[in-house]
Amino acid sequence: MVKLILAQVKQYKKASLLTPVFTAAEVVMEVLIPFISALVIDRGIQAGNLSQILLYGGLMLVMAFLSLAFGVLAGRYGAMASAGLACNLREAMFGKIQTYSFANIDKFSTAGLVTRLTTDVTNIQNAYQMCLRMAIRAPLMFLFSIIMCCTISPRLSSIFFVAVVFLAIALSLVIATVTRIFNQVFKKYDDLNAEIQENVSAIRVVKAFVREDFEKEKFYNAANNLYKLFVKAEKRVALNGPIMMVVIYGCMVSLSWFGGRSVVFGEITPGQLSSLFNYIMNVLMSLMILSMVFVMLSMSIAAMKRAAEVLSEVPDIQQPKEPIHEMKDGSVEFSHVHFSYRHTGGEEVLEDINLNIHSGETIGIIGGTGCGKSSLVSLISRLYDVDKGSVKVGGVDVRDYDMEFLRNSVAVVLQKNVLFSGTILDNLRWGNEEATEEQCMDACKKACAHDFVMNFPKGYETWIEQGGTNVSGGQKQRLCIARALLKNPKVLILDDSTSAVDTATDARIRKAFREEIPDVTKIIIAQRVSAIESADRILVLDDGKVVGFDTHEHLLENNDIYREIYQVQTQGGGDFDGPTPDAIPEGKEA
């Protein structure tokens, strides 16, 4: 885990090495200053020798400036190294997430990934900087101060050893308790971020149903749980101060008593006693710093585990060793396909699927909710991999294609349409970065989006808010279809992507597809029979199995499930998008 995180230091290795070097130099200067101070007292002040006072005073001044310079350099390089590690770590984690399949992403919650990329990395950054500086400074200060104490008076130094043992036992008990609490804290961060994300992304629904108070209560509970854990942890961390003060004052009283006797009996000089007081403070403060380092490390260990999980996660879908970059045509073949979202023993979503779709065909897919329609088409662009069997496009198993090439050749307009903040042109060019404005317009005309785009004051330069909140559902769907067309795909998959489009516009889109892209294989998932009845063939799914695959007419004659769907939508109240006796006239699109 630690090795995996430290591998992200990369170009900041030099800064990571220079930080402890300058920190050590800073510590040496600070440790020598009390020693020189003792000489000022013993050889200068007590002896009444002004030249010795000036000499050693000047030397102390030089050491103080050197200590300051070394401290500034250590802080500068420490900041560079820790911030650089955090930057590289975030980039590595984000890059790794981009390689995940949908199955990998399903394993981590979105809120969990956000927490790992933000809060967890920040804790790792702080811990790394503390390790480079404080974790070097404190042990060196402790070691050098103990050596100097033993050099001055081994007998009086025994006071420090007693204090150190007591302090180490007390602080280790505090740290052990705090570590367990911080392991729970980060899980609560996930819950808090999940509440924020869910509320903000669905804020329109929240307001429509007047659920603000309910959402506030949920957020309060998540925030309060985090608050309670932090208070519980900080109460224990706060014990560091009182414990340290007890030890410091105990040592000072003991040193004053026994050190004063030693001065009276001539065992040490007043200057040496003064320096011992300085060293005892250095020793005890070093231990306190170390305790804070351990607390920070206990927090960062939990964060490092979570970051390492993201980096070490093996993508469920791997690039083939010798990927293919050519696709003969848009034919699609399913051969004894079995699929489940949990590849090891999960309930099968698709069972023994056998299909043969010719290049250029228009295929409609219909079935009840949860029958496996979206799962089926996700296998074609290899958003998931099959458990058994094979899926072929252009006569080649999809697992043999270069993944980027395959997904450019098989364009998918997903059930949940997403637009990104930027202009309409920016969003369209997700399909083809090099697309000209004329090509974007042509794609929009095929998707019946050109007219409403031109009605905007700025046309194709109209700004789209994050998530496409300033356009209607139907407009968003048509822009997503145009974006997919710009890929010039061999296979075009529309996963219920015209559900928010009125019947007349849907018919115009289908007509444009027939006339403008006849060679592209078109697979259309729909809930309305009217949207797919003109397809070359219609696939009927039920409970993950193929129960019909034929033309509209033949299915009406021979397939009970399809006939029932058709009758419900036409005779039992009509197509929900078409006119019915009791229907309220549909308003114009926003």
Side-chain angles (χ1 to χ4, degrees), residues 201-205 207-208 362 364 411-489 492-518 520 522-528 530-532 534 575-579 583-590:
S201 62
I203 191 65
R204 296 187 177 201
V205 179
K207 291 185 177 296
T362 298
V412 182
V413 183
L414 295 170
Q415 192 172 21
K416 185 178 180 181
N417 298 283
V418 177
L419 294 176
F420 297 88
S421 54
T423 65
I424 288 177
L425 278 177
D426 292 336
N427 274 276
L428 292 172
R429 284 174 177 148
W430 273 66
N432 180 359
E433 293 181 13
E434 307 300 325
T436 63
E437 188 169 347
E438 290 73 21
Q439 289 173 319
C440 292
M441 288 182 180
D442 182 58
C444 283
K445 288 175 183 177
K446 293 174 184 175
C448 295
H450 179 71
D451 290 342
F452 80 75
V453 171
M454 295 308 295
N455 285 333
F456 291 132
K458 294 185 179 180
Y460 284 85
E461 294 298 330
T462 299
W463 186 264
I464 299 293
E465 300 295 340
Q466 184 179 8
T469 55
N470 59 330
V471 292
S472 72
Q475 290 170 343
K476 189 189 300 184
Q477 287 183 335
R478 282 176 273 172
L479 287 174
C480 290
I481 292 171
R483 181 173 64 187
L485 290 173
L486 280 169
K487 286 188 171 188
N488 295 318
L492 176 64
I493 298 171
L494 304 180
D495 186 355
D496 201 18
S497 303
T498 58
S499 58
V501 175
D502 62 88
T503 307
T505 303
D506 191 13
R508 289 200 301 273
I509 293 173
R510 296 198 305 273
K511 181 182 177 183
F513 285 177
R514 284 195 304 271
E515 296 175 355
E516 301 289 341
I517 51 172
V520 175
K522 296 163 283 291
I523 300 175
I524 304 169
I525 295 177
Q527 300 296 333
R528 303 180 304 212
S530 62
I532 57 173
S534 61
D575 185 341
F576 69 81
D577 215 9
I584 297 173
E586 184 182 352
K588 292 182 180 180
E589 279 190 286

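Checked by atom type and distance alone, the side chain of Lys445 never pairs as donor or acceptor with a backbone atom of Ala512 at under 3.5 Å. Using a distance-only test at 3.5 Å, with no hydrogens or angles considered, no donor-acceptor pair links the side chain of Glu461 to the main chain of Lys458. Between the side chain of Asn427 and the backbone N or O of Phe420 there is at least one donor-acceptor pair closer than 3.5 Å. Judged purely by atom type and a 3.5 angstrom limit, Asn470 uses its side chain to pair as donor or acceptor with the backbone of Trp463. Looking only at distances, a side-chain donor or acceptor of Lys522 sits under 3.5 Å from a matching main-chain atom of Val520. A donor-acceptor pair under 3.5 Å is formed between the side chain of Gln439 and the backbone N or O of Thr436. Here the side chain of Arg483 pairs no donor or acceptor atom with the backbone of Gly431 at under 3.5 angstrom.
Looking only at side-chain heavy atoms (C-beta outward), Gln475 and Phe456 come within less than 4.5 Å of each other. With a 4.5 Å cut-off on side-chain heavy atoms, Leu428 and Leu486 count as touching. Counting only heavy atoms from C-beta outward, the side chains of Val471 and Ile464 approach each other to under 4.5 Å. In this structure the side chain of Ile523 never reaches within 4.5 angstrom of the side chain of Leu492, judged on heavy atoms.
Remark: Asp496 CG to Arg528 CZ distance equals 8.0 Å, nearest 0.5 Å. How far CD1 of Ile424 is from OG1 of Thr462: 4.5 Å, rounded to the nearest 0.5 Å. Put simply, SG on Cys444 and CG on Leu479 are 6.0 Å apart, with the number rounded to the nearest 0.5 Å. For the atom pair CE of Met441 and CD of Glu437, the computed distance is 4.0 Å after rounding to the nearest 0.5 Å.
Between Arg510 and Ser534, the shortest heavy-atom distance links the atoms NE-OG, 3.7 Å. Annotation for Ile524 and Ile532: closest pair O-CG2, 3.8 Å, computed over non-hydrogen atoms. The heavy-atom pair separating Ala482 from Ala447 by the smallest distance is N-CB, 3.8 Å. When all heavy atoms of Ser497 and Ile481 are compared, the closest pair comes out as O-CD1, 4.0 Å. The two atoms that bring Ala484 and Ala411 nearest to each other are O-CB, 3.7 Å, heavy atoms only. When all heavy atoms of Phe513 and Leu485 are compared, the pair lying nearest together is CE2-CD1, 4.0 Å.
None of Arg478, Lys446, Gln477 except one satisfies the side chain to side chain contact (heavy atoms under 4.5 Å, CB included) rule with Ile509; the exception is Arg478.
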What do the steps show when you test Thr505 against Asp502 for side chain to side chain donor-acceptor pair (under 3.5 Å), and what is the final call?
CA-CA 6 Å; Thr505 303; Asp502 62 88; 2.8 Å; yes
